[in-house]
Amino acid sequence: MAAQLPYATIHQIFTRFQAAEPEPKGELHHTNAFTLLVAVALSAQATDKGVNRATAGLFPIADTPEKMLALGEEGLIDHIKTIGLYRNKAKNVIRLSEILVRDYGGQVPSSRAALQSLPGVGRKTANVVLNMWWHIPAQAVDTHIFRIGNRTGICPGKDVETVERAIEDQIPAEFQQHAHHWLILHGRYICTARKPRCADCLIHDLCPFEEKTA
DNA sequence: ATCCCGAGGG
DNA sequence: CCCTCTGGAT
């Protein structure tokens with residue numbers, strides 16, 4: 001784990017992210033709160049590309065919990081079979097749809113407790129929905145943000161909740177809104193898990209991480 | 001700590 | 001071949 005960076009350095013880093021990409025956005029396709037929730041739930045241990053490929057056929061016929069129930073678990077599996085963990089995900093999405101219809105009038109709830117009570121929805125997925133749909137300040141820590149937070153020292157921590165608090169405490173207020181997507185996109189295309197492209201990294205001179213030579 | 005689990009990259 | 005991908009439940 002990298003040491004915590006000075007405030008001035010963190011400020012510099014996000015100033016560069018902002019200059020390079022003023023309006024970073026997520027890459028998971030969705031059309032409403034329900035399809036956002038389902039897309040994020042499907043994205044566990046899967047690439048957004050794979051999720052988008054599956055939902056391109058799924059969401060036009062099942063963009064509400066009622067339609068999802070009409071499609072049924074087997075019908076859903078036909079659409080998401082190319083995504084990892086598809087059996088658990090299909091079961092969760094169907095049960096989640098039943099609960100939304102029965103207890104929430106078919107709407108996606110806006111509280112963390114209600115979201116996390118849904119099958120297949122944990123802290124990370126709840127944070128994404130709270131942030132992206134309800135615009136509630138919540139920091140989702142996924143594999144990318146966990147890795148980059150520790151490599152760079154922007155928001156280090158030994159577990160997800162520590163990193164989550166580090167984001168809130170250490171990232172300057174003016175960068176909070178876009179920090180999530182800047183870090184995600186940086187992790188996806190530059191600061192990759194296996195062979196980070198340090199030569200192409202716009203914060204290389206500010207980062208303490210150095211790839212170990214094999 | 002372990003299981004789930006297909007596609008893509010290296 | 002092995003590793004990783006916007007994790008969650010047991």
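The figures that follow rest on heavy atoms only: side chains count, while hydrogens, waters and symmetry mates do not. Residue numbers start from 1 in every chain, and the chains themselves are labelled A, B, ... in the order their sequence lines are given, proteins ahead of strands.
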Minimum-distance pair of heavy atoms, taken over all atoms of Tyr189(A) and Glu27(A): OH-OE1, 3.1 Å
Non-neighbouring partners of Arg53(A) that pass side-chain hydrogen bond (donor to acceptor under 3.5 Å, both in side chains), sequence neighbours left out: none
Non-hydrogen atoms of Trp133(A) and Leu36(A) that approach each other most closely: CB-CD2, 3.8 Å
Partners meeting side-chain contact (heavy atoms from CB on, under 4.5 Å) with Ala62(A) (sequence neighbours left out): Leu58(A), Lys67(A), Met68(A), Leu71(A)
Nearest-angstrom distance, P atom, dG9(B) to dT6(C): 12 Å
Pairing residues for Glu21(A) by the side-chain hydrogen bond (donor to acceptor under 3.5 Å, both in side chains) criterion, not counting sequence neighbours: none
Close approaches to DNA chain C from residues 174-185 of chain A, in residue order (heavy atom, under 4.0 Å): His180(A), His181(A), Ile184(A)
Distance in angstrom units between Arg123(A) CZ and dT6(C) C1', rounded: 16 Å
Members sharing Leu183(A)'s hydrophobic cluster (side chains within less than 4.5 Å): Leu5(A), Ile10(A), Ile13(A), Phe14(A), Phe17(A), Val141(A), Ile145(A), Phe146(A), Ile148(A), Ile154(A), Val160(A), Val163(A), Ile167(A), Ile171(A), Phe175(A), Trp182(A), Ile184(A), Leu202(A), Ile203(A), Leu206(A)
Outermost nucleotides of DNA chain B that come under 4.0 Å of a non-hydrogen atom of chain A: dC4(B) to dG10(B)
Strand-adjacent residues in residues 72-100 of chain A, judged by heavy atoms under 4.0 Å from DNA chain B: Lys81(A), Thr82(A), Ile83(A), Gly84(A), Leu85(A), Tyr86(A), Arg87(A), Asn88(A)
Partner set under side-chain contact (heavy atoms from CB on, under 4.5 Å) for Asp205(A), not counting sequence neighbours: Arg16(A)
Taking every non-hydrogen atom, the tightest pair across Thr125(A) and Ala41(A): CG2-N, 4.3 Å
Nearest atoms (heavy-atom pairs only) where Gln139(A) meets Gln176(A): NE2-OE1, 2.9 Å
Touch class at under 4.0 angstrom, heavy-atom based, for Thr125(A) against every strand present: sugar-phosphate
Interatomic distance where NZ belongs to Lys124(A) and P belongs to dA9(C) [whole Å]: 13 Å
Interatomic distance, Ile148(A) CD1 vs dT4(C) P [rounded to whole Å]: 14 Å
Donor-acceptor pairs are to be reported for all side-chain atoms of residues 93-108 of chain A against protein atoms at under 3.5 Å, with residues two or more places apart or in another chain.
unit_1   : atom_1 : unit_2   : atom_2 : d
Ser97(A) : OG     : Val93(A) : O      : 2.8

Whole angstrom value for the distance that separates P of dT6(C) from CD of Glu164(A): 19 Å
Pairwise 5' ranking along DNA chain C for His144(A) and Leu118(A), keeping only the more 5' one: His144(A)
Stretch residues 45-55 of chain A: residues that reach within less than 4.0 Å of DNA chain C through a heavy atom: Gln45(A), Ala46(A), Thr47(A), Asp48(A)
Sequence neighbours excluded and cut-off under 3.5 Å, please list the side-chain donor-acceptor pairs for residues 74-83 of chain A, or say none.
unit_1   : atom_1 : unit_2   : atom_2 : d
Lys81(A) : NZ     : Tyr86(A) : OH     : 2.5

Sugar-phosphate, base or nothing in reach of Arg188(A), heavy atoms under 4.0 Å: base
Asn52(A): side-chain hydrogen bond (donor to acceptor under 3.5 Å, both in side chains) partners, not counting sequence neighbours: none
P spacing across the pair dA7(B) / dG8(C), given as an integer number of angstrom: 22 Å
Heavy-atom pair with the smallest gap, counting every atom of Val51(A) and Ala46(A): CG2-CB, 4.3 Å
Separation of dT4(C) C1' from Phe146(A) CZ (nearest whole Å): 15 Å
Modelled atom types, side-chain donor and acceptor of His135(A) and Gln177(A), under 3.5 Å: no
d(CD1, Ile167(A); C1', dT6(C)) in whole Å: 12 Å
